[in-house]
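Notes follow once the structure below has been shown.
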Amino acid sequence: MASLRFQGLRSVFRGQCNPLRTQQRRWAQVHDVRFLASHHNPNHVLDRYRSKLDQKAKQEGHESIDSLKEAFSDKIQDLRSKASTVTTPEPEAPIHNTTQEPAAAKAPISHAAREVSGKASPIKPLSSFLDVEKIRELPPKEIEALWRLRFASSSTSICAAIPLEIYQRIMNAARQNPQFVLPLPRGATEDQQETTADIHFLQWAFHPPAGEPAAPSGETANTHISTVIFTHLGAFKMHGSFAQPHTTITHYLDLADDKGLVLMHGQVVPDRGVSTMEATWLASCVQRFYDFEGQASGRKSELVRMFTQGDAENFKVEELMAEAEKLQ
């Protein structure tokens, strides 16, 4: 049986560092401001300054404070209006557009989301790697070859072209199980006869797409960009959501509608303890553990679900390692 370096994995289930819950910022505080409004009697102010107001009224030639207030009513109203919060003005007239379709009304929102994903997001759009419109004219086999050629000279990149059907199965499982752990075999040392392995923590995330879909809204598969980040389990246990990942994988669906392909690009951070070949192994394990209706059917999918449910009693790291060894 394999010997594993998995200190900290059990604490994931015990709740000391539970990735199944959002990381809590201990310095964050919530203040209920619903009852902070001040309710005072304005007559208290009038009583306090009555003598001074009487003196001011006589200086201005008025018989009483009331006549002074009446004389300055316009100025008081003007000062109040300037001091108040400016509200959003109402439109001069209702705007009726009988020519615009409901779907078109949603277009600015969709466009804005794509602008944010393409410009403000740290995720590079597919167009930063390839001329998307030109490669649409090519058959899938040539697109896959160009995609691999694009990163052939990079020693820290991994890539793949995934059939849309397989990706959708993986994505459906990922939405229900966005976090998991994978073992990375390290081989046996000279003084050990058993195989050792490091445990790595992975997290899925879904972002707005950067490119325009090839199919109409509602029919397109290009609804998102997904990412998978890999972190050493020990680093995640120590730093939580602030742990630095060593590998980031991005899935692009720009060509999913017309070519049935999802292009995957992975970037490995140098000097984080994982080589490009080892990151490639972890990336391949994602499909083999998340394709519930394909390669992950059986015990692999059960392990993923048990981890999501926090089933520490039945989730065994030894079984996880045994399933991973079958992939070699």
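Keep in mind that this is a model prediction, so the values were computed, not measured.
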Please evaluate residues Glu323 and Lys326 with respect to the criterion salt bridge (Lys or Arg N to Asp or Glu O under 4.0 Å), reporting the C-alpha separation (whole Å), side-chain torsions for both, the decisive distance (0.1 Å), and the verdict. CA-CA 5 Å; Glu323 292 295 329; Lys326 297 177 182 179; 3.2 Å; yes
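Atom-to-atom distance recorded for Arg288:CZ and Lys300:NZ is 9.0 Å, nearest 0.5 angstrom. Distance CE/Met277 to OG/Ser155: 12.0 Å, rounded to 0.5 Å. If you take NE2 on His265 and OG on Ser154, they are separated by 6.0 Å, rounding to the nearest 0.5 Å. Residue Tyr167 holds its OH atom at 9.5 Å from CG of Asn172, rounded to the nearest 0.5 Å. Interatomic distance, CD1 of Ile170 versus CD of Glu293, reported as 11.0 Å (0.5 Å rounding). Rounding to the nearest 0.5 Å places OG1 of Thr156 at 12.0 Å from CZ of Arg272.
A chain of hydrophobic side-chain contacts below 4.5 Å, direct or via other Ile, Leu, Val, Met, Phe, Trp or Tyr residues, connects Trp281 to Phe180. Note on Val317 and Phe307: same hydrophobic cluster, where clusters join Ile, Leu, Val, Met, Phe, Trp and Tyr whose side-chain heavy atoms are under 4.5 Å apart, directly or indirectly. One hydrophobic cluster holds both Val228 and Leu320 under the rule that ILVMFWY side chains link at heavy-atom gaps under 4.5 Å. Clustering ILVMFWY residues whenever any of their side-chain heavy atoms sit less than 4.5 angstrom apart, transitively, puts Val269 in a cluster other than the one holding Leu233. By the criterion of side-chain heavy atoms lying less than 4.5 angstrom apart, applied directly or through intervening Ile, Leu, Val, Met, Phe, Trp or Tyr residues, Leu202 is grouped together with Leu184 in one hydrophobic cluster.
In this structure a side-chain-to-backbone donor-acceptor pair under 3.5 Å is present from Thr280 to Thr276. Between the side chain of Glu142 and the main chain of Pro139, no donor-acceptor pair closer than 3.5 Å is present. Looking only at distances, a side-chain donor or acceptor of Trp147 sits under 3.5 Å from a matching main-chain atom of Met264. Side-chain atoms of His246 do not come within 3.5 Å of backbone N or O of Ala279 as any donor-acceptor pair. Listed for the Lys259 side chain is a donor-acceptor partner under 3.5 Å among the backbone atoms of Leu138. No donor-acceptor distance shorter than 3.5 angstrom exists from the side chain of Thr247 to the backbone of Phe230, with no hydrogens or angles considered. Looking only at distances, a side-chain donor or acceptor of Arg150 sits under 3.5 Å from a matching main-chain atom of Phe129. Not one N or O on the side chain of Thr248 forms a donor-acceptor pair closer than 3.5 Å with the backbone of Gln267. Under a 3.5 Å cut-off, the side chain of Asn177 and the backbone N or O of Ala173 do form a donor-acceptor pair. A donor-acceptor pair under 3.5 Å is formed between the side chain of Asp257 and the backbone N or O of Ala221.
The shortest side-chain heavy-atom distance between Trp204 and His251 falls under the 4.5 Å cut-off. Pro185 has its side chain within reach of Met321: a pair of non-hydrogen atoms, C-beta onward, lies under 4.5 Å apart. Using a 4.5 Å cut-off on side-chain heavy atoms (C-beta onward), Pro178 and Phe206 make no contact. With a 4.5 Å cut-off on side-chain heavy atoms, Leu255 and Arg136 count as touching. In this structure, the side chains of Pro209 and Leu253 stay at 4.5 Å or more apart for every pair of heavy atoms.
In this structure, Met306 and Phe315 approach most closely via the heavy-atom pair SD-N, 4.1 Å. Shortest non-hydrogen contact noted between Cys159 and Phe151 is CB-CD1, 3.9 Å. When all heavy atoms of Ala205 and His207 are compared, the pair lying nearest together is CB-NE2, 3.7 Å. Summarising the geometry of Ala161 relative to Leu263, their closest heavy-atom pair is CB-CD2, 4.0 Å, with the distance given to 0.1 Å. Across every non-hydrogen atom of Pro245 and Thr231, the tightest pair is CA-OG1, 3.7 Å. Glu278 and Gly273 make their closest contact through OE1-O, 4.0 Å (heavy atoms, listed as atom of the first residue, atom of the second, distance).
The aromatic rings of Phe292 and Tyr290 sit parallel to each other, their planes meeting at less than 30°, with 60° as the upper class boundary.
The distance between the ring centers of His232 and His200 falls below 6.0 angstrom.
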